[in-house]
Amino acid sequence: MEYRVLILAPFGRDARVITDVLAPENRTCFVCADLHELATELDRGAGLAIMTEESLRHDNGAAIAQWLQKQAAWSDLPVVLLSGKLSSGRSAAGIDMLERLGNVLVLERPLNSETLRRAVASALRARTRQYDARRHLAESQEHLIERAQAQEALEKLNASLESRIEERTQELASANNRLMKEIHERAKVQAVLVQSQKMEALGQLTGGIAHDFNNLLNIIMANAELLSRISDDERVRRMAATTKRATERGAKLTAQLLTFSRTSNLDLKAINVAPLLDGMRDIISISLGSHIDLSTTSSSRHLWTKADANQLELAVLNLAINARDAMPGGGRLSIHADERTSDDAALPAGRYVVVSVSDSGSGIEPNVLSRVFDPFFTTKPIGKGTGLGLSQVYGIARQAGGEARIESEPGKGTTVQIWLPVSVSDIAESSVEAASPDVPLLARHILVIEDDEEVRAMLVECLEVLGYKVTHAHDGASGLSRLDTDKPDLLIVDYAMPGLNGVQVLMRVRDIRPDIPVILATGYADVDIAKITATHFTALRKPFQLDELARTVRAALKAH
């Protein structure tokens, strides 16, 4: 009771704010409704009183002044008076009020929380000394002078000790704060590292699986195309077309699922956003589940921009998955593409293709919204996200010459926009390339080096259908040994083979036949063959269509 902090602040939220400020210090606070209750509680015991100046105006503090005048000789109750800001100085009545309150400390509002806490701590220390004095007086009146001297020495010692203890406490608190911050940062880094290692391991695993899976898809795709070309049976040709479409979807799903493991730079090409979004409906629907309604719309069927198609698909898929996590109980996801004009200084003037991903989820708090594009920032629990999804979306947009924007309100959902500069299409160029895909360069000999027997047979069959003379080898060493005897005009080499891989074969071929064109075929989604600069070659990604194989072969032969 003797160390209670009595609070008289009957107007507004002052009493609640004062209590909250002192709560971290474990102060025992009692809020009084009026001066009468304050005087009653002072009789029960208190360490100090905190009052607002306006609470004393109706009687100028007469009631509390009377109590202070009656207190014992050893007591000098500390009073903290919270004053309003005075523009023209304090009146004579106000000065008289301060005189009547006696041991009063005036703090002008608004004041810092730390200032109030320190003032309270100082007042309670003084009150403690008053209680000490009372105890000494009660023990013996006869030794009042040896005790006064002892009290004086004790006060000096206490002041010194308190000063040193306070300094040491501050040093320890500062060291503890630094340690806790370091532990927290290490935990975050460790969590990100573990997640990164897990994703890297998963990428390596799925890369190997993708190679075999893409080989199988390529066999099915090529044979379906061959069937449609050599068969006169319309029913067989329809079934072949259906098979081809299914393998194309499988290839696309594989590429989308494995894009996260790629480390290559963006391959910026002209793409039409409208059909790209249409083609993503299947994988987005699978990722969302049946409890979320999905709609994809476009203001036009021709929304051309220059971007990396795989990375843009990954960005939209990331946003869809984030939206799903914000709607655990179900909801609506809308993906809309349109064309707009830059409306602020953040983007250069001009026209932009805007992809908007909107959900009806929980939304994002305003104090967090400005940080969502920061790398490693996430509101998800550890292990549920690396904090790289939205920063990757932002980076994809910026590298393509645009930007990413976000709008959100708690309880009302979130919209993320990807702004990409409008670009011209490559329709003319692609149509020229596709005009004569099957016309071979006559009397040309191609050597195929492929370890997978079925893939090798598929390649040989396709190339012979296209009109080329073809020989083949089952590994790199055998292929190299046939160079002198076969004297091929072109090599098609698989990237992943036992013994010598495709790149190693390339290096040796350049020593034997530096002029021969080489096509390097790979089914690895995470191999950035654009970075292999030791020797010149043409890249062919598996699975490929027959027209794509024909164009690649013709281009490689024409270049030499």
Side-chain angles (χ1 to χ4, degrees), residues 245 248-249 251-253 255-256 259 262 264-285 294-320 323 333-358 373 390 392-407 415-437 525 528 530 539-541 544-545 547-548 551-552 555:
R245 286 195 298 271
E248 288 172 349
R249 287 180 63 188
K252 186 172 184 179
L253 287 172
Q256 289 174 330
T259 298
R262 295 183 63 190
S264 58
N265 293 327
L266 294 186
D267 182 17
L268 300 180
K269 294 181 180 178
I271 59 173
N272 189 353
V273 174
L276 180 141
L277 294 179
D278 289 343
M280 291 187 67
R281 279 194 62 91
D282 287 346
I283 192 169
I284 292 177
S285 297
L294 171 66
S295 67
T296 57
T297 56
S298 302
S299 63
S300 169
R301 299 307 301 168
H302 301 284
L303 295 172
W304 287 89
T305 185
K306 186 162 286 188
D308 186 310
N310 286 331
Q311 293 295 325
L312 182 56
E313 288 179 344
L314 176 62
V316 174
L317 184 60
N318 276 341
L319 294 177
L333 178 66
S334 169
I335 303 176
H336 179 72
D338 59 5
E339 187 175 322
R340 306 183 193 180
T341 301
S342 172
D343 55 2
D344 59 34
L347 284 174
R351 300 288 292 171
Y352 290 81
V353 174
V354 182
V355 179
S356 302
V357 181
S358 304
F373 289 127
L390 285 176
Q392 187 177 27
V393 171
Y394 182 82
I396 291 170
R398 294 294 292 175
Q399 289 185 67
E403 73 165 8
R405 300 177 177 178
I406 187 167
E407 298 175 355
T415 297
V416 179
Q417 296 176 340
I418 304 175
W419 289 63
L420 302 170
V422 167
S423 175
V424 296
S425 70
D426 288 345
I427 295 178
E429 179 182 346
S430 61
S431 63
V432 171
E433 290 181 355
S436 58
D528 188 5
L540 180 62
R541 293 266 185 196
F544 49 80
Q545 298 186 22
D547 289 347
E548 184 180 359
R551 287 195 299 270
T552 304

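Residues L347 and W419 form a side-chain contact, since some pair of their non-hydrogen atoms from C-beta on lies under 4.5 Å apart. Inter-residue side-chain proximity for R340 and Q417 is flagged as met; some heavy-atom pair is nearer than 4.5 Å. You'll find the side chain of V354 stays beyond 4.5 Å of the side chain of E339, heavy atoms only. Put simply, the side chain of R301 reaches to within 4.5 Å of the side chain of D278, judged on heavy atoms. At a threshold of 4.5 Å between non-hydrogen side-chain atoms, the residues L319 and I418 count as touching. Looking only at side-chain heavy atoms (C-beta outward), N272 and H302 come within less than 4.5 Å of each other.
Among all heavy-atom pairs drawn from A274 and S300, the shortest one is CB-O, 3.5 Å. Of all the heavy atoms in A539 and T552, the pair that sits closest is O-CG2, 4.4 Å. Nearest approach of S342 to Y352, heavy atoms of both residues: CB-CE1, 3.6 Å.
The line from OG1 of T297 to CD1 of I335 is 9.0 Å long, rounded to the nearest 0.5 Å. Rounded to the nearest 0.5 angstrom, M280 CE and S285 OG are separated by 10.5 Å. Here N318 contributes atom CG and Q311 contributes atom CD; the two are 9.5 Å apart, rounded to the nearest 0.5 Å. The OG atom of S358 sits 8.5 Å away from atom CD of E407, with the distance rounded to the nearest 0.5 Å. Atom CG of D338 and atom OG of S298 lie 8.5 Å apart (nearest 0.5 Å). Separating the CG atom in L540 from the CD atom in E548 is a distance of 5.5 Å, to the nearest 0.5 Å.
For the pair T305 (side chain) and P421 (backbone), a donor-acceptor distance under 3.5 Å is present.
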Subject >> Criterion side-chain contact (heavy atoms from CB on, under 4.5 Å) on L420 and L312, from CA distance to verdict >> reply: CA-CA 10 Å; L420 302 170; L312 182 56; 4.1 Å; yes
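Ion pairing of E403 with R405 is present here, as a side-chain N (NZ or NE/NH1/NH2) and a carboxylate O approach within less than 4.0 Å.
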